[in-house]
Chemist: 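Shown below is the structure under consideration.
So that the names make sense, note that chain A is the first sequence line, chain B the second, and so on, each numbered from 1. Bear in mind that the values here come from a model prediction, so they are computed numbers and not experimental data.
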Amino acid sequence: MSGAGSGLGPLLACVLARELKDGEVVAFGLHAELLLAAALLAQKLHAPNLAIRHGLRVERGPEIGPAAWTDARRSHAHEGIEYLESHDAILDVANPASPMRFCDVFLVGGLQIDREGSTNLIGLKGRDGRMALRGPGSIGTTSIGTLARHVILFSPEHSRRRFVETVDYVSVPGWRRRAAAGLEGGPALCVTSIAVMDFAGGLMRLRSVHPHATADEVRRRTSFPLPPEGPVPVTLPPTAAERAALESIDPSGRLERMPIPAGGEAS
Amino acid sequence: MSGAGSGLGPLLACVLARELKDGEVVAFGLHAELLLAAALLAQKLHAPNLAIRHGLRVERGPEIGPAAWTDARRSHAHEGIEYLESHDAILDVANPASPMRFCDVFLVGGLQIDREGSTNLIGLKGRDGRMALRGPGSIGTTSIGTLARHVILFSPEHSRRRFVETVDYVSVPGWRRRAAAGLEGGPALCVTSIAVMDFAGGLMRLRSVHPHATADEVRRRTSFPLPPEGPVPVTLPPTAAERAALESIDPSGRLERMPIPAGGEAS
Amino acid sequence: MSDERAERVLDASEAAALVRDGMVVGLSGFSYQNPPMALVREIIRRRVKGLTIVSGPTSGIETDLLIGAGCVRRAVTAGVAFEQVVPMAPAFRRAAERGEIEVWECDECLWHLALKAAAWGMPYLLWRGGVGTSIPELNPDLEEVQEGGRRYLKVPARPLDIVFLHAAEADRFGNVRAARQAYLGRSFCERALALACRGPVVASVERLVPDDETLGSPERTLVRGAFVVEAPWGAHPGGTSGRYAPDLEHYAEYAAAGEARRKGDPQPYQRYLERHVYGPEDHDGYLRTIGAGRLEALRLGAA
Amino acid sequence: MSDERAERVLDASEAAALVRDGMVVGLSGFSYQNPPMALVREIIRRRVKGLTIVSGPTSGIETDLLIGAGCVRRAVTAGVAFEQVVPMAPAFRRAAERGEIEVWECDECLWHLALKAAAWGMPYLLWRGGVGTSIPELNPDLEEVQEGGRRYLKVPARPLDIVFLHAAEADRFGNVRAARQAYLGRSFCERALALACRGPVVASVERLVPDDETLGSPERTLVRGAFVVEAPWGAHPGGTSGRYAPDLEHYAEYAAAGEARRKGDPQPYQRYLERHVYGPEDHDGYLRTIGAGRLEALRLGAA
């Protein structure tokens, strides 16, 4: 298989795009070409009023491209940008009812993700209970992940060290921790390179397995049980419409060439 | 007497200009051409590093002119403006040590000004102790007048109804009210159309009387005692250097034609 | 495949119909600049009652007229300015003195802080400005507190139900922007209001512009996600930054009518309302009461 | 009569000499963009110790290098990013894991709020983001409180003693501005840092421009009242928005040296410091260690 729509990058972009709803504001970090592709794809296919908040910009671009600070991007510098602002606009996530809100749906990952959907970017504990591995830090995830209406977990890597029973530290709280803190709701979905998970009763379960993987593999690579028992649907591969749309937002096939950590150790 | 430097407007501009120090940031409202003239004069004469915050703009203009929103002003619209910002920059007065502070010295007036330098823009009480006359409101004065390093009271009108023993409501606190609230300092000076007052022991006293008035007149037009006893210096009229500078910042003689409420009833 | 973006264009009566009695309504305008007057007149025509209006921070005729027409129960503003015309806004003064409206006594900083607390989901903010003044005495909900040995005002959050503002331009998708020539500063309160709002934001604008114009200079965008109403001269008698100056003669006429009413003669103010608000069916009708020649004379010199 | 305005131009060593051991130092930079590296290297040459650095909100090599060189006791940042080069910033990771630095655990919102509280003279701000996370456990000074039945983090004010930042241009009087081509957004943290500062703000810039240029487009000014240091390529190996891209090869080289040290071999990192920091006498000397050809290759296409 080759051309627009083949490979892991295009599949993940399609899976994420299908979750973005018309009229919402989706936010993600700057170095996230795959997420930008997903958002542009949704905008093109079913969510023409999706607002895309890519770093400091509200974007409506014709295609993905290299990071905004590179020379290659330079020629498109001011194309498709609806709004620019200073970085403290992230605080505007705190009023989800304002037309100027920072976002409705937030795409977030972690060093660890646990069964109830909590994430951890802070670090890993050693046997003595102290921090043994210092993580990069919570970056923009904590407040946005707490206050945005919808959170979608995104982790290309799907491994037992990533998907743990309980995170060592909490950057963004999952279902039970949110309830304990008086916050409604919780993450809606978790997309990885091999599967899509959702939540029931505040716990993760398997929703679909990507065509190149199996349910057994997904469970082997996860440290906690993933219901339900029995057969699991296959993730819908890119449709003809999605492939055509990808062709136009990614004419040079950047998504297909994108290096994506697909697995990680299974133990 | 005629030409630049004659009349009440030029005198008041000179009196205020002399109080503005090099390196400070002076702030005042938008509809304040006389205050702009004073600031530009100080910048030209002894305070080349005075920053002038005129409404939302930090200004460094060659001359005064009609209000910024009028067509007459239009041609100079972008001349001499160092900085523009959104209105909530007034909150920046709260860090007086920042190079980005809103201001050091603030020029403020009132419906009433009392003996300790408190001002009132809120309203006047009737005999029943309730608000009988609704004032315009405290506008930008309260917080800036509380938090700026220096406050200069400016009231062209000098009358017993304006200069009262105790204000009916407090928009900006004077010396004793500030001390009671745990705030240091207090207003430094009060300039009117007939005199200059300063403060000693937290109470107003007469510093100088303008050439066209007398100390008796000033005291007659003030509801509280104005020490010291004995002769009071005459306010220095515009000097040759000040007149020359006024000539350049006000080439069309706008200050001389400016209607200034000079008195008010003396009872 | 869909590429139909939803346009966010309303007409003035659809926009005004979003207001319900008793709502907390944010209004743009600073002194004489950018009041959403076409929308305000339409709200008055609908005889809305009991509004809390959050206008300014220093407000003007949009506030005075809504009060004068009896739509307002409470005004949150640092002041209502008619500087260089009359010392005090006449309807605001009259209603406050008669106890017909409550005034939330504040200054411009407290006004901004109440909106920031709402925007950021904070129950209150502590602020040093205003300790030792009458402001905490006059507002039951604004107490003075001690914290670490210092006194602060505890400024409660003020969320808005709906916002009306006026600006130079917008695209049909709700990106509202200032004129390139808006040289008084890019933003007074538009963003502050929109961020504190938990409902719709409606902007009347001098003209709708194509999408690619707002995309071409995104730094001029003041507000995103607004409903937009095309209303040329929509701030009149106020000015629109970079487009036209306020009509101070009209202000003087309005203020004289308001002062007459304050002093006991309701006729001139009633005549003003009939002629300029209730009489005209819509904004075009209002503009005919002013006259094209007079409007054109207010236009700021072409760039 | 005087018309001599005071210029606010310093050289890098005068600027770095303003730092004292133990100060709270704000640093610009967001990931790879606009770190004040020429100034950072000069601070390291002065062997300053015990700094609390407030960088970011998401920071980069300016933070990692200061930590790696032993100048830092405490880091206030939402993260140190070397994305697309290595998973984690090596010196930050090593020092944190060895307990050589304290980290004030926060996210980008909490970082901004601590500065806003300082800028506005507030003892703290209450914020809903972060309840239910490890952040209050990890920071003794950031407690979780109840207010009106809801839980909030009580974010304490974080005033700064001095700020260093890098930008495209400034005039000699301290008006610092972004490049017209700075298309990532006009401001990351420059204003936030300057407003929270109770001491000097120092900006290194790619070039000094005449006063009339800053007067001509005041909307591009990021910060006023700064001391300015002319330092072309002053963000290298970081990028300067609108001027040049970050030198990712240099980052990879630096990261490899840092990773080697983290794993037990201090030599490569020491060599890096000798070659690029201690060895060169000044910023020009540093630029010679990189080479003009390599620098020119980073320049973003001329407008």
Chemist: For chain B, which of C/Ala89, C/Gly56, C/Pro57 has the most heavy-atom pairs under 4.5 Å?
Modeler: C/Pro57
Chemist: Run the salt-bridge test on B/Glu184 and B/Arg178 with the 4.0 Å N-O cut-off and return the result as yes or no.
Modeler: no
Chemist: Where does B/Leu133 contact chain C at under 4.5 Å (heavy atoms): side chain, backbone, both or neither?
Modeler: both
Chemist: Please identify, among C/Arg98, C/Glu97, C/Arg93, the residue contributing the most non-hydrogen atom pairs under 4.5 Å to chain B.
Modeler: C/Glu97
Chemist: Should the ring pair C/Trp233 and C/Tyr244 be called parallel, tilted or perpendicular, given that the plane angle runs from 0 to 90° and is split at 30 and 60?
Modeler: tilted
Chemist: Counting heavy-atom pairs under 4.5 Å to chain B, which of C/Lys116, C/Glu144, C/Arg150, C/Glu137 comes out on top?
Modeler: C/Lys116
Chemist: Of all of B/Asp168, B/Ile139, B/Ile122, B/Leu91, which one pairs up most often with chain C through heavy atoms under 4.5 Å apart?
Modeler: B/Ile139
Chemist: If I measure from the heavy atoms of chain C, does B/Thr146 come under 4.5 Å with its side chain, its backbone, both, or neither?
Modeler: side chain
Chemist: Between the side chains of C/Asn34 and C/Ser241, is a donor N or O closer than 3.5 angstrom to an acceptor N or O?
Modeler: yes
Chemist: Run the side chain to side chain donor-acceptor pair (under 3.5 Å) test on B/Asp104 and B/His150 for me, step by step, so that the C-alpha distance in whole Å, both residues' side-chain angles and the decisive distance to 0.1 Å come before the verdict.
Modeler: CA-CA 6 Å; B/Asp104 298 300; B/His150 307 294; over 6 Å; no
Chemist: Going by atom types alone, do B/Arg177 and B/Ser118 pair a side-chain donor with an acceptor below 3.5 Å?
Modeler: yes
Chemist: Using non-hydrogen atoms and a 4.5 Å limit, figure out which bit of B/Leu147 sits close to chain C: side chain, backbone, both or neither.
Modeler: side chain
Chemist: Could you look at C/Leu138 and say if it's the side chain, the backbone, both or neither that has a heavy atom under 4.5 Å from chain B?
Modeler: side chain
Chemist: Are B/Phe28 and B/Phe154 close enough, and set up right, to give a ring-ring contact (aromatic ring centres under 6.0 Å, His included), and what steps lead you there?
Modeler: CA-CA 11 Å; B/Phe28 46 85; B/Phe154 177 62; over 10 Å; no
Chemist: Where does C/Trp127 contact chain B at under 4.5 Å (heavy atoms): side chain, backbone, both or neither?
Modeler: side chain
Chemist: Does C/Glu105 pair with B/Arg134 as a salt bridge, N-O distance under 4.0 Å?
Modeler: yes
